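All ligand and atom numbering here is 1-based and tracks the order in the structure. Heavy atoms only: backbone and side chains are in, while hydrogens, waters and symmetry mates are out. Since we're looking at a predicted model, the values are computed, not measured.
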Amino acid sequence: MSDNDNGWAWFDETLNAGYQFGLKVDSILFRETTEHQDLVIYQTSEWGRIMALDGIIQVCERDEFIYHEMLTHVPLFAHGAAREVCVVGGGDGGMLREALKHPVDRVTMVEIDGSVVELCKEYLPSISDGAFDDPRADLVIADGAAFMAETDRSFDVIIIDSTDPIGPGEVLFSSAFYADCKARLNPGGVMTTQSGVVMIQGDELTTTVQRLGAHFADAFAYIAPVPTYAGGFMAFGWGTDNTTLRSVPADTLAVRYDQADITTRYYNPSLHGGAFAHPTYVAELLEAGRETRS
Ligand code: SAM
């Protein structure tokens, strides 16, 4: 944080070379170096509370709905009949909250750092909004890669809500991990992944699609703008053997959305299909991955 004499300071994120993103913060509510990462929770007057891990914004009360709604409702409404869901990462509980809005039997959430869960429950309760108390929620504190290699569970939807591919999150971007996810998906299942901000981390999108393409008939990505994941569109990797899943008709999605009777502030059935349509620079990065499946 860069201090000044106005009683507040700037939180500066310098994840990416040559690009700095800052938020005005009033105070640090909590700081701890957990077993896995440096965790800080900030109070801001304009953006609500924020949690950062190793200096990188993970969740912000003001705009978290965009990311959490898009990484859950796109695969879940496309699938249409998911019973078993797995979230890898997601320690703040926002992904769990949104997934449990669907009539699923269980959401298995595999988070490596129990401190993230406990501290977000305490300091950012609005994010999980009671989701951890839902009897359908099954929280597993473990490395997601080890879990996926060893579990005998199978899933209809797998959502990778990880940190960036540095530190403990790196393994969750590997082809070996995607192979294990593939092995744990039920027929017709789909996986989605946090895949970086395209303008800044474009190679991450290309690599993710390449690696998914080695295991799935349809490796693609969709996008949404998340203001505090600064730099433009956030990409979400998409991997499935069900090649029709990406083009479920909007009227079918609308029926499923109405039947689910859930409220959303970003996702809606007409936007769903559009999230897979890309500006040329994004399409080029995506096609580069599809052409060179590794
Ligand atoms: N929305 C954020 C983003 O796009 O970067 C991700 C938020 S969520 C807090 C990321 C979570 O991934 C963290 O709680 C972190 O502890 C967890 N995580 C990182 N590596 C992991 C691993 N190998 N297995 C399971 N969870 C992991």
Does Q37 come within less than 4.0 angstrom of ligand 1, counting non-hydrogen atoms of the residue?
yes
Min N/O separation D143 to ligand 1 under 3.5 Å:
yes
To which protein heavy atom is atom 18 (N) of ligand 1 closest, and what is the distance rounded to 0.1 Å?
I112 CG2, 3.8 Å
Please write down residue, atom name and distance for the protein heavy atom closest to atom 4 (O) of ligand 1.
Q194 CG, 3.1 Å
Suppose we screen for side chain to side chain contact (heavy atoms under 4.5 Å, CB included). Which residues come up paired with R246, at least two apart in sequence or across chains?
D218, F220, W238, F276, R290
Test of understanding: given a 4.0 Å heavy-atom threshold, classify the contact between V110 and ligand 1 as side chain, backbone, both, or neither.
backbone
Looking only at distances, please establish whether an N/O atom of ligand 1 is found under 3.5 Å from an N/O atom of V171.
no
CG of L53 to CD of Q58, rounded to nearest 0.5 Å, is 4.0 Å
In this structure, atom 3 (C) of ligand 1 is nearest to the protein heavy atom S162 O, 3.5 Å
Flag the pair Y178 / F216 as yes when their ring centroid distance falls below 6.0 Å, and as no otherwise.
no
Please list the nearest protein heavy atom to atom 10 (C) of ligand 1 with its residue and the distance rounded to 0.1 Å.
D161 O, 3.3 Å
Protein contact of atom 1 (N) of ligand 1 - nearest heavy atom, named by residue and atom, plus distance
Y229 OH, 2.6 Å
Do any nitrogen or oxygen atoms of G144 come within less than 3.5 Å of a nitrogen or oxygen of ligand 1?
yes
Scan the side chains in residues 146-153 for donor-acceptor partners under 3.5 Å anywhere in the protein, sequence neighbours excluded, and list what turns up.
| residue | atom | partner | partner atom | Å |
| --- | --- | --- | --- | --- |
| T151 | OG1 | R153 | N | 3.0 |
| R153 | NH1 | T108 | OG1 | 2.8 |
| R153 | NH1 | D138 | OD2 | 2.6 |
| R153 | NH2 | D138 | OD2 | 2.7 |

Which bit of T163 gets closer than 4.0 Å to ligand 1, counting heavy atoms only: side chain, backbone, both or neither?
both
Do the ring centers of Y222 and H272 come within less than 6.0 Å of each other?
no
Side chain, backbone, both or neither: Q58 near ligand 1, heavy atoms under 4.0 Å
both
Out of curiosity, is M234 lining ligand 1, as in a heavy atom under 4.0 Å away?
yes
Quick one: look at V59 and ligand 1, take heavy-atom pairs under 4.0 Å, and tell me if it's side chain, backbone, both or neither.
neither
Can you tell me the protein heavy atom closest to atom 13 (C) of ligand 1 and the distance?
E111 OE1, 3.5 Å
Give yes if a backbone or side-chain nitrogen or oxygen of D92 is under 3.5 Å from a nitrogen or oxygen of ligand 1, and no if not.
no
